[in-house]
Amino acid sequence: MSRVSQAQAQENRQRVVATAARMFREKGTAVSLADVMKAAGLTHGGFYKQFASKEDLIDEAAAHAFDKPAAYSAVAFEEHAGEHEAARRTLIERYLSVWHRDHAGDGCPVSGFAADLGRETDQAARAHQVYANGVRNLAARLATGDDDGMAQLCTMVGALVLARATRGNPLSEELLQAARTALAESGTGQSEPQQRTD
């Protein structure tokens, strides 16, 4: 295999991983390999030249999703560098937004992978560890003083998952608002989020 073909193979692998990371957050890990490969612009037959199994792909896709900071998180802390409280409030606002609800593929892997990894027990072991680390890291971004951020994270992820499950019903936005209000009343957020338009 030439250097060019090795480079192309590596590029193809990364495209499959990035595509799977998005699709698994949008549709769950039950999405077929054929659909992932098609979305990546590759043939299904090439999958096993790149990966040992679907579980191998799930592991890599989860790692990829957590390695790429989501816009709602990274931008919040860039916009408010050195101002942890303002950054945390912006993170909460954006996390509990209609935009985030409607863009699971670009969104938080904590909520995106939650249901599927909860059902996986013996497989995708690396994904479970990556996921646990991701949960701790996101909670740490929410932490203040004596609060480790875990309860805030549970409120946010739970509300987002429920809002996605009820999308199309007025209850969906009520759930997002209820979580924002609860976090604001506990001094950990703002009740009126700024809507993202991008």
Side-chain angles (χ1 to χ4, degrees), residues 17-18 20-29 58-120 124-165 172 175-191 193-196 198:
V17 169
R22 176 183 294 273
M23 291 182 76
F24 291 164
R25 281 178 283 176
E26 286 176 349
K27 302 176 181 183
T29 59
I58 292 170
D59 284 347
E60 290 198 36
H64 176 83
F66 279 102
D67 282 346
K68 305 286 182 191
Y72 65 83
S73 176
V75 173
F77 282 83
E78 287 171 12
E79 286 177 356
H80 303 287
E83 300 176 36
H84 181 76
E85 178 60 19
R88 189 173 56 75
R89 287 178 183 231
T90 299
L91 170 58
I92 292 167
E93 291 171 2
R94 291 182 178 162
Y95 197 98
L96 294 169
S97 69
V98 170
W99 185 93
H100 192 201
R101 179 199 66 191
D102 294 345
H103 293 83
D106 295 317
C108 177
V110 172
S111 58
F113 282 90
D116 290 312
L117 291 182
R119 287 188 286 267
E120 298 279 347
R126 180 174 164 224
H128 281 96
Q129 188 56 52
V130 166
Y131 187 84
N133 291 340
V135 167
R136 289 194 183 282
N137 290 338
L138 185 53
R141 286 189 169 237
L142 297 165
T144 58
D146 295 339
D147 181 353
D148 65 4
M150 288 292 187
Q152 294 174 66
L153 179 60
C154 290
T155 299
M156 289 165 51
V157 172
L160 184 62
V161 169
L162 291 170
R164 285 177 176 162
S172 181
L175 290 161
L176 294 173
Q177 182 61 48
R180 290 191 301 259
T181 300
L183 291 170
E185 288 175 356
S186 66
T188 60
Q190 295 178 346
S191 59
Q194 298 174 357
Q195 292 294 323
R196 285 192 55 171
D198 57 345

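Position 1 is the first residue of the sequence, and the numbers go up from there.
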Exercise for the section: State, yes or no, whether a side-chain contact exists between Asp59 and Val130 at a heavy-atom distance under 4.5 Å. Expected result: no
Practice task
Report the residues that fulfil side chain to side chain contact (heavy atoms under 4.5 Å, CB included) with Ala61, sequence neighbours left out, ordered by chain and then residue number.
Solution key: Ala20, Ala21, Phe24
Practice task
Output all residues satisfying side chain to side chain contact (heavy atoms under 4.5 Å, CB included) with Glu83, sequence neighbours left out; order by chain, then residue number.
Solution key: His80, Ala86
Completion exercise
Shortest non-hydrogen pair, Ser111 vs Leu160, comes out as OG-CD2, 3.4 Å
Fill in the blank from the handout: Rounded to the nearest 0.5 Å, the CG atom of Leu176 sits from the CE atom of Met156 at a distance of 11.0 Å
Exercise for the section: Just jot down the side chain to side chain contact (heavy atoms under 4.5 Å, CB included) partners of Ala139, sequence neighbours excluded, or say none. Expected result: Met150, Leu153
Practice task
Please answer whether the main-chain N or O of Cys108 pairs with a side-chain N or O of His100 as donor and acceptor at a distance below 3.5 Å.
Solution key: yes
Problem - Over all atoms of both residues, closest heavy-atom pair of Ala163 and Leu175 - result: N-CD1, 3.9 Å
Practice task
Indicate yes or no for a side-chain donor-acceptor contact from Gln152 to the backbone of Leu142 under 3.5 Å, with no hydrogens or angles considered.
Solution key: yes
Problem - Student check: side-chain heavy atoms of Glu60 and His64 closer than 4.5 Å - result: no
Completion exercise
One should read off an interatomic distance between Ile58 CD1 and Phe113 CZ, to the nearest 0.5 angstrom, of 8.0 Å
Practice task
Spell out, as yes or no, whether a donor-acceptor pair under 3.5 Å connects the side chain of Asn137 to the backbone of Asn133.
Solution key: yes
Problem - Min side-chain heavy-atom separation Leu96-Leu183 under 4.5 Å - result: yes
Practice task
Give a yes-or-no answer on whether the side chains of Ser97 and Glu93 include a donor-acceptor pair shorter than 3.5 Å.
Solution key: no
Exercise for the section: For the pair Arg25 (side chain) and Gly105 (backbone), establish whether a donor and an acceptor sit closer than 3.5 Å, ignoring hydrogens and angles. Expected result: yes
Practice task
Output yes when a side-chain donor or acceptor of Tyr131 lies under 3.5 Å from a complementary backbone atom of Ala62, and no otherwise.
Solution key: no
Exercise for the section: Locate the shortest heavy-atom distance separating Gly134 from Phe66; write the atom from each residue and the value. Expected result: CA-CE2, 3.4 Å
Fill in the blank from the handout: Quick note, salt bridge (charged side-chain N to carboxylate O under 4.0 Å, His left out) partners involving residues 152-161, not counting sequence neighbours, are none
Practice task
Please determine, by modelled atom types, if Arg88 and Thr144 share a side-chain donor-acceptor pair under 3.5 angstrom.
Solution key: no
Handout entry: For Arg164, all residues meeting salt bridge (charged side-chain N to carboxylate O under 4.0 Å, His left out), sequence neighbours excluded
Key = none
Problem - Donor + acceptor pair across side chains of Arg180, Gln177 (<3.5 Å) - result: yes
Exercise for the section: Grab the two heavy atoms, one from Ala143 and one from His84, that are nearest each other, plus how far apart they are. Expected result: O-NE2, 2.9 Å
Problem - Validation row: Leu91, Leu138 side chains within 4.5 angstrom (heavy atoms) - result: yes
Problem - side chain to side chain donor-acceptor pair (under 3.5 Å) partners for Asp148, two or more places apart - result: none
